[in-house]
Amino acid sequence: MTVRIATWNINSVTARLPKLLEWLESAKPDVLCLQELKCAADAFPYEEVRALGYETEAHGNGRWNGVAIVSRLGFQDVVRDLPEQPGYLADDALVPVIEPRAIAATCGPVRVWSVYVPNGREVGHAHFRYKLDWLATLRESVLADAAGERPFAVLGDFNVAPTDEDVYDLADFEGATHVTPVERAALAALREAGLADVMPRPLKYDRPYTYWDYRQLAFPKNRGMRIDLVYGNAAFEAAVTDSYVDREARKGKGTSDHTPVVVDLNL
DNA sequence: ATGACCCGTCGCACGGGA
């Protein structure tokens, strides 16, 4: 069977609902991993998505973060949060908060995690340490599936550009997060656990960027970053027939600042 | 063409995004 899997940081599923429905109808993914829902799980537009033939497992608590898996292949073994997922201790908080940044499910022949890795804010910030801890915990969480025979992938907004080629101008990122050796080492540790970076085709220009800032004409100027990634195990990678970044979804008004990454599989 | 930030919020600016 052919299976189409995609990931999209949608930057508010409420604000993006017309775009989401339009994209589901045109791209027809079998499984779509979403990040940055910015809504509570019970506020997800389940009915509108169901009308197009999809069920949803959502994990969110309101204002920030939030992840979901939308599937027309059903759900088994849904897991919310990474096992041992670290929380974030904000400056004015007494206890760390476990944020809704990860959800896993088996959909038909494939198991996926939809992840929204912490941003890190600034190198040296407590949020940066949180980001590294979070990625290390992600690695521990996927070891068994990564080594398994079943097609498996981690999809989402990793908030790390894996190589210098994955940002429009390295000089603009001097001292910034998303490109540091320690963040990239955390991705390398995921690959060493048995996951491969499934590289998508760009549909225009030479690099498959997935994010362009809203400001300063970043999209028309193609000042982008590749930070939305698909990390698949050997069985997943062997089944890939195509992968591309759907930059069309970034055009016009009322879009997310990220655009979907699509992977086609023959299983 | 894709055009100079956008999201949610007990807001009337601000934190967060990257």
Side-chain angles (χ1 to χ4, degrees), chain A residues 8-20 22-23 34-45 58 60-68 88-93 97 99-101 115-132 134-135 156-164 166-180 182-184 186-187 202-205 207-229 245-261:
Chain A
W8 191 8
N9 177 323
I10 198 165
N11 188 15
S12 172
V13 72
T14 307
R16 217 68 59 212
L17 183 58
K19 296 286 187 186
L20 172 61
E22 177 185 307
W23 195 78
L34 295 172
Q35 301 87 36
E36 282 212 83
L37 302 181
K38 292 187 174 176
C39 79
D42 61 7
F44 189 94
N61 61 10
R63 189 171 186 182
W64 290 306
N65 312 309
V67 288
Y88 179 59
L89 180 62
D91 290 340
D92 56 349
V97 175
E99 300 171 320
R101 293 178 175 274
V115 300
Y116 177 46
V117 176
N119 170 291
R121 297 183 189 167
E122 296 173 16
V123 176
H125 193 286
H127 210 265
F128 190 76
R129 183 71 250 167
Y130 171 52
K131 179 181 196 173
L132 297 177
W134 206 97
L135 282 165
D157 179 355
F158 282 69
N159 269 319
V160 181
T163 75
D164 290 352
D166 294 313
V167 295
Y168 62 88
D169 183 357
L170 196 61
D172 277 9
F173 290 86
E174 189 170 340
T177 59
H178 293 61
V179 299
T180 66
V182 284
E183 289 167 280
R184 288 175 173 170
L187 290 190
L203 296 186
K204 188 178 178 182
Y205 305 120
R207 295 296 309 173
Y209 298 144
T210 65
Y211 161 86
W212 299 261
D213 197 289
Y214 284 120
R215 291 165 290 190
Q216 298 177 313
L217 292 171
F219 183 62
K221 293 177 176 175
N222 199 33
R223 295 165 68 87
M225 305 172 71
R226 186 174 76 96
I227 54 176
D228 299 273
L229 309 175
V245 177
D246 187 0
R247 69 188 304 284
E248 295 298 313
R250 181 64 178 79
K251 292 183 177 179
K253 294 191 181 301
T255 69
S256 172
D257 42 2
H258 298 249
T259 205
V261 179

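In what follows, chains carry the letters A, B, and so on, assigned in the order in which the sequence lines appear, proteins first and then strands, with residues in each chain numbered from 1.
- Not a single salt bridge (Lys or Arg N to Asp or Glu O under 4.0 Å) links A:D246 to another residue, sequence neighbours left out.
- In this structure, A:R101 and A:V115 have side chains that are not in contact, with every pair of non-hydrogen atoms separated by 4.5 Å or more.
- Across all strands shown, A:K131 has no heavy atoms under 4.0 Å from either base or sugar-phosphate atoms.
- Between A:T14 and A:K253, the one whose closest nucleotide on DNA chain B sits nearer the 5' end is A:K253.
- Nucleotides B:dA4 and B:dG15 have their P atoms positioned 25 Å apart, rounded to a whole Å.
- B:dC14 and B:dC10 have their C1' atoms separated by 14 Å, with the value rounded to a whole Å.
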- [ ] Could you encode protein contacts along nucleotides 11-18 of chain B as a string, one character per nucleotide from 5' to 3', using B for base contact, S for sugar-phosphate-only contact and - for no contact, with a heavy-atom cut-off of under 4.0 Å?
- [x] ----BSBB

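- At whole-Å resolution of the value, CG in A:D246 and P in B:dT2 are 14 Å apart.
- Annotation: side chain of A:F158 is in contact with side chain of A:L187 (closest heavy-atom distance under 4.5 Å).
- Judged as a salt bridge (Lys or Arg N to Asp or Glu O under 4.0 Å), and not counting sequence neighbours, A:D169 has no contacts.
- In this structure, A:L217 places its CG atom 11 Å from P of B:dC6, rounding to the nearest Å.
- Atom C1' of B:dC5 sits at a distance of 13 Å from the matching atom of B:dA18, rounded to the whole Å.
- A search for salt bridge (Lys or Arg N to Asp or Glu O under 4.0 Å) contacts involving A:R207 returns A:D166, not counting sequence neighbours.
- No contact: A:Y88 has no heavy atom under 4.0 Å from any strand.
- Atom CH2 of A:W212 is separated from atom P of B:dC6 by 16 Å (rounded to the nearest Å).
- Shown here are the salt bridge (Lys or Arg N to Asp or Glu O under 4.0 Å) partners of A:E122, two or more places apart in sequence or in another chain: there are none.
- If you take atom C1' in B:dG11 and the same atom in B:dC6, they sit 16 Å apart, rounded to whole Å.
- Atom CD of A:E248 is separated from atom C1' of B:dT2 by 9 Å (rounded to the nearest Å).
- Where A:S12 and A:P220 meet DNA chain B, the nucleotide closest to each residue was compared, and A:P220 sits on the side nearer the 5' end.
- Residue A:R16 is classed as a sugar-phosphate contact, given heavy-atom separations below 4.0 Å to backbone atoms only.
- Partners of A:F128 under the ring-ring contact (aromatic ring centres under 6.0 Å, His included) rule, at least two apart in sequence or in another chain, do not exist in this structure.
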